Amino acid sequence: MTDAVTKKLKELPTSAGVYFHKSAAGEIIYVGKAAVLRNRVRQYFQKTRELDAKTQALVAEIADIDWITVESEIDALFLESEMIKRYKPRYNILLRDDKSQIFVRLNMRDPYPYLSFTHQPMDDGAEYFGPYYNGWAVKKALRYLRRVFPYSTHVTMPRRVCLQYHLGLCPGVEEQKVSSAEYKKTLRKLIMYLRGERVQLITQLESEMKTAAKAHQYELAASLRNQIYNLRQLSKQIIFGDREFMDVSKDKALSGLKELLGLPAVPRRIEGYDISHMQGTNNVASMVVATNGIADKAQYRKFKMQIPGNNDFAHMHEVISRRFSGKHTDWPTPALLLIDGGKGQLQAALAALHEQGQAIPAIGLAKRLEEIVIAKDSAIRLKPGVYPEAYITENEEFYVVLLPKDSHIVKLLQRIRDESHRFAVSYHTHLKRKGQTASELDDIPGVGPATRRKLITSFGSLRGVKAAQLPQLESVLGAAKATLIWQQLHKDA
């Protein structure tokens with residue numbers, strides 16, 4: 001055990017939080033969560049505690065420890081997920097290779113959305129939260145949250161209210177005991193909690209409670225009071241214990257970006273952009289957002305490109321022009337743009353910013369060597385001496401910065417870049433599948449967007465629609481339309 005570890009073990013707090021095990025080179029090799037940081041982290045170094053071979057290898061490599069404290073175990077659960085996605089610590093992969101990541105799914109477009117879990121998110125219009133790396137803990141956390149914000153889990157709607165309704169865990173959507181609008185209002189509060197907006201949520205509930213009391217709506221005020229009480233009690237619930245939001249100043253990646261790029265302040269909002277297409281078809285662009293270094297999926301946006309053909313530079317110019325055209329005044333101004341690509345993509349983005357009268361700092365991240373590309377005539381003032389380990393080359397127009405692969409800055413930029421790429425590819429794939437589906441269904445008289453959406457929602461794909469029996473189609477569309485579609489799809493059989 002190193003002197004640094006011995007010192008940190010004495011300083012560990014007794015609150016919930018996320019801890020980081022580091023190697024001698026400063027690389028984050030494992031991220032974990034704890035109900036009580038002091039107890040959990042010290043367990044790794046107890047001689048009387050038996051450890052498996054993989055954990056022994058981890059402990060032997062720990063040279064330093066860091067941590068972030070949070071208010072509750074649920075907060076620690078969600079923050080751990082984000083940090084694993086950012087740093088991809090090798091021991092998290094090694095020690096959890098038998099566990100699949102899990103997402104929480106809510107489709108707010110449904111009249112009465114149901115909450116479910118999935119291992120594979122899709123670009124189907126639903127909202128996905130995750131991935132989480134401890135499905136058992138996430139499901140237990142959602143059971144506690146269900147007491148505060150009752151939600152439905154019915155994929156197929158029963159004819160009568162379920163047992164969960166009588167336990168106060170389901171709002172009774174089966175018999176419309178609650179209106180769709182009121183139910184979605186409750187779900188939006190649950191979503192706020194899942195996004196880490198706990199403080200804002202409690203403030204909102206307190207305001208609604210006072211308004212209800214002034215309007216003499218005492219039952220509503222009492223219900224809101226109970227929600228506030230139950231939310232505060234969550235910090236006392238044991239979600240995961242020893243079973244296996246954030247102070248921005250402690251985020252070394254954000255503070256490092258500020259110093260390296262000479263930014264006036266820590267970049268609290270970073271927007272990442274990427275382009276996706278296949279041989280010039282279904283061209284799309286993505287905009288993802290990291291707020292305080294954490295993926296802020298509510299702020300993600302996607303663009304269908306208007307310029308045809310295979311031209312990444314023109315498409316990057318288009319998406320930046322549209323983003324800062326002045327039409328999106330409700331979107332906060334970013335502190336930094338991250339462009340997926342090298343000098344060409346960055347130059348196209350900077351040209352668009354200049355045309356729109358914007359002087360927002362922007363950098364590129366080239367994939368092959370994870371090089372940070374900076375234009376000399378941009379709003380960024382590179383500070384070469386801040387990181388001695390940084391290798392910097394330059395020409396007349398650009399600086400190219402190469403940092404160690406385990407740098408906190410590189411990990412953060414990779415996380416944002418990978419998210420922008422995933423989101424762009426997901427949208428491109430959705431449009432591609434939609435086009436393939438529409439090619440057959442759109443030729444059938446009487447099949448419009450609403451009918452097509454109902455078919456795909458019910459049967460999953462065009463293949464599923466074709467495989468469905470006539471009675472199954474009738475149960476979704478009615479006898480007349482189902483017969484028409486069945487005959488058209490099987491006319492060559």
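Computed from heavy atoms alone, side chains included, the values below leave out hydrogens, waters and symmetry copies. Quick caveat, the model's predicted, so the values are computed rather than measured.
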Q: Taking Leu169's backbone N and O only, do any of them form a donor-acceptor pair with Arg146's side chain (distance below 3.5 Å, no angle check)?
A: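 Answer holds: yes.
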Q: Just do the side-chain contact (heavy atoms from CB on, under 4.5 Å) check on Ile275 and Asn283 with the steps written out, would you?
A: CA-CA 7 Å; Ile275 307 297; Asn283 301 306; 5.7 Å; no
Q: I want to check a possible cation-pi pair here: Lys33 against Tyr19, using under 6.0 Å from ring centre and within 45° of the ring axis as the test.
A: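 Judged by the rule, Lys33 and Tyr19 form no cation-pi pair.
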Q: Would you compute the distance between atom CG of Leu350 and atom CE of Met316 and round it to the nearest 0.5 angstrom?
A: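 Taking CG in Leu350 and CE in Met316, the distance rounds to 11.0 Å.
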Q: Short question: side chain of Ser407, backbone of Leu403 - any donor-acceptor pair under 3.5 Å?
A: no
Q: Determine yes or no for a side-chain-to-main-chain donor-acceptor pair under 3.5 angstrom, with Tyr44 supplying the side chain and Ile62 the backbone.
A: no
Q: Grab the two heavy atoms, one from Ala4 and one from Ala63, that are nearest each other, plus how far apart they are.
A: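 Taking every non-hydrogen atom into account, CB-O, 3.7 Å.
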Q: Any carboxylate oxygen within less than 4.0 angstrom of a Lys/Arg side-chain nitrogen, looking at Asp296 and Arg268?
A: no
Q: Yes or no on side-chain contact (heavy atoms from CB on, under 4.5 Å) for Leu187 and Phe149, after CA distance, side-chain angles and deciding distance?
A: CA-CA 7 Å; Leu187 289 182; Phe149 306 111; over 6 Å; no
Q: Just by modelled atom types, is the Leu12 backbone N or O under 3.5 Å from a matching donor or acceptor in the Arg38 side chain?
A: yes
Q: Test Tyr300 against Glu419 for side-chain hydrogen bond (donor to acceptor under 3.5 Å, both in side chains), laying out the working first.
A: CA-CA 10 Å; Tyr300 286 14; Glu419 266 294 271; 2.6 Å; yes
Q: Can you tell me how far CD of Glu371 sits from CD1 of Ile392, rounded to the nearest 0.5 angstrom?
A: 12.0 Å
Q: Aromatic ring centroids of Phe313 and His315 under 6.0 Å?
A: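 No: the rings miss the under 6.0 Å criterion.
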Q: Drop me the distance from Leu338's CG to Ile270's CD1, to the nearest 0.5 angstrom.
A: 7.5 Å
Q: Do side-chain atoms of Glu370 reach the backbone of Lys405 as a donor and acceptor pair under 3.5 angstrom?
A: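 It does not hold such a pair.
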Q: Below 4.5 Å, heavy atoms only, C-beta onward: do Val400 and Glu394 meet side chain to side chain?
A: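 A side-chain contact is absent here, since even the closest heavy-atom pair is not under 4.5 Å.
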Q: Working to the nearest 0.5 Å, report the span between CD1 of Ile409 and CG of Leu254.
A: 9.5 Å
Q: Do Pro89 and Ile29 have side chains that get closer than 4.5 Å, going by heavy atoms?
A: no
Q: Quick one: does Gln345's side chain have a donor or acceptor within less than 3.5 Å of a partner on Gly342's backbone?
A: yes
Q: Passes salt bridge (Lys or Arg N to Asp or Glu O under 4.0 Å), Asp110 versus Lys184? Steps please.
A: CA-CA 10 Å; Asp110 291 342; Lys184 288 184 177 181; over 6 Å; no
Q: Give me the atom names and distance for the closest heavy-atom approach of His408 to Gly26.
A: CE1-O, 4.2 Å
Q: Would Lys376 pass as a cation-pi partner of Tyr399, given that its NZ or CZ must be under 6.0 Å from the six-membered ring centre and within 45 degrees of the axis?
A: yes
Q: Does Arg323 count as lying over the ring of Phe303, i.e. NZ or CZ under 6.0 Å from the six-ring centre, within 45 degrees of the axis?
A: no
Q: From His119 NE2 over to Ile102 CD1, what is the distance, rounded to the nearest 0.5 angstrom?
A: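 The distance works out to 5.0 Å.
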Q: Evaluate the side-chain contact (heavy atoms from CB on, under 4.5 Å) criterion for residues Thr118 and Tyr128: first the C-alpha distance (whole Å), next the side-chain angles of each, then the deciding distance (0.1 Å), finally the verdict.
A: CA-CA 9 Å; Thr118 180; Tyr128 290 88; 3.7 Å; yes
Q: When you check the side-chain N and O atoms of Gln43 and Arg40, is any donor under 3.5 Å from an acceptor?
A: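 A pair is found: one side chain offers a donor N or O, the other an acceptor, under 3.5 Å apart.
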Q: Please determine, by modelled atom types, if Glu271 and Gln299 share a side-chain donor-acceptor pair under 3.5 angstrom.
A: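 Absent: no donor and acceptor within the cut-off.
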Q: Arg269 side chain to Pro332 main-chain N or O, any donor-acceptor pair under 3.5 Å?
A: yes
Q: The test is side-chain contact (heavy atoms from CB on, under 4.5 Å); show your working for Val284 and Met305 and say whether it passes.
A: CA-CA 5 Å; Val284 301; Met305 295 288 91; 5.5 Å; no
Q: Between the side chain of Arg415 and the main-chain N/O of Tyr87, is any donor-acceptor distance below 3.5 Å?
A: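 Pair absent, no side-chain N/O of Arg415 close to backbone of Tyr87.
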Q: Report yes if some heavy atom in the side chain of Arg105 is under 4.5 Å from a heavy atom in the side chain of Leu115; otherwise report no.
A: no
Q: Take atom CG in Asn395; do more than 12 heavy atoms of anything else shown fall under 6.0 Å from it?
A: yes
Q: In the structure I gave you, are the side-chain heavy atoms of Lys302 and Phe423 within less than 4.5 Å of one another anywhere?
A: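 Yes, their side chains come closer than 4.5 Å.
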Q: Can you tell whether the side chains of Asp64 and Lys8 come within less than 4.0 Å, N to carboxylate O?
A: yes
Q: Are the charged groups of Lys343 and Glu397 less than 4.0 angstrom apart, N to O?
A: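 No, no charged N to carboxylate O under 4.0 Å.
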Q: Among side-chain atoms of Glu61 and His21, is any donor-acceptor pair under 3.5 angstrom?
A: no
Q: Using 0.5 Å steps for rounding, measure from the OG1 atom of Thr329 to the CH2 atom of Trp331.
A: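 Here the interatomic distance stands at 10.5 Å.
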Q: Measure across Ile372 and Leu260 and return the closest heavy-atom pair with its distance rounded to 0.1 Å.
A: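 Closest approach of Ile372 to Leu260, heavy atoms only: CD1-CD2, 4.5 Å.
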Q: A side-chain contact here means heavy atoms from C-beta on lying under 4.5 Å apart; do Leu365 and Asp340 qualify?
A: no
Q: Distance-only, no hydrogens or angles: does the Ser378 side chain make a donor-acceptor pair with backbone N or O of Ile374 under 3.5 Å?
A: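 Such a contact is absent between Ser378 side chain and Ile374 backbone.
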Q: Might you confirm whether atom CZ of Arg109 has over 12 heavy atoms from other residues, nucleotides or ligands at distances under 6.0 Å?
A: no
Q: Can you list the residues that meet the side chain to side chain contact (heavy atoms under 4.5 Å, CB included) rule with Ala265, with sequence neighbours excluded?
A: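 In terms of side chain to side chain contact (heavy atoms under 4.5 Å, CB included), with neighbours along the sequence ignored, Ala265 is linked to no residue.
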Q: Crowded around His354 NE2? As in, over 12 foreign heavy atoms under 6.0 Å?
A: no
Q: Quick check: closest heavy atoms across Ile380 and Pro361, and the distance to 0.1 Å?
A: CG1-CB, 3.6 Å
Q: Tell me, do Thr291 and Val289 make a side-chain contact under 4.5 Å, heavy atoms counted?
A: yes
Q: Mind checking whether Phe324 and Ile360 have side chains closer than 4.5 Å, heavy atoms only?
A: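 Counting from C-beta outward, Phe324 and Ile360 do come under 4.5 Å.
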Q: Locate the shortest heavy-atom distance separating Ser15 from Thr69; write the atom from each residue and the value.
A: OG-CG2, 3.3 Å
Q: With distance as the sole criterion, is a donor-acceptor pair present between the side chains of Asp274 and Ser420 under 3.5 Å?
A: no
Q: Mind checking whether Val18 and Trp67 have side chains closer than 4.5 Å, heavy atoms only?
A: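 They are not in side-chain contact.
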Q: Which heavy atom of Tyr114 sits nearest a heavy atom of Val155, and at what distance?
A: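 The answer is CE1-CG2, 3.6 Å.
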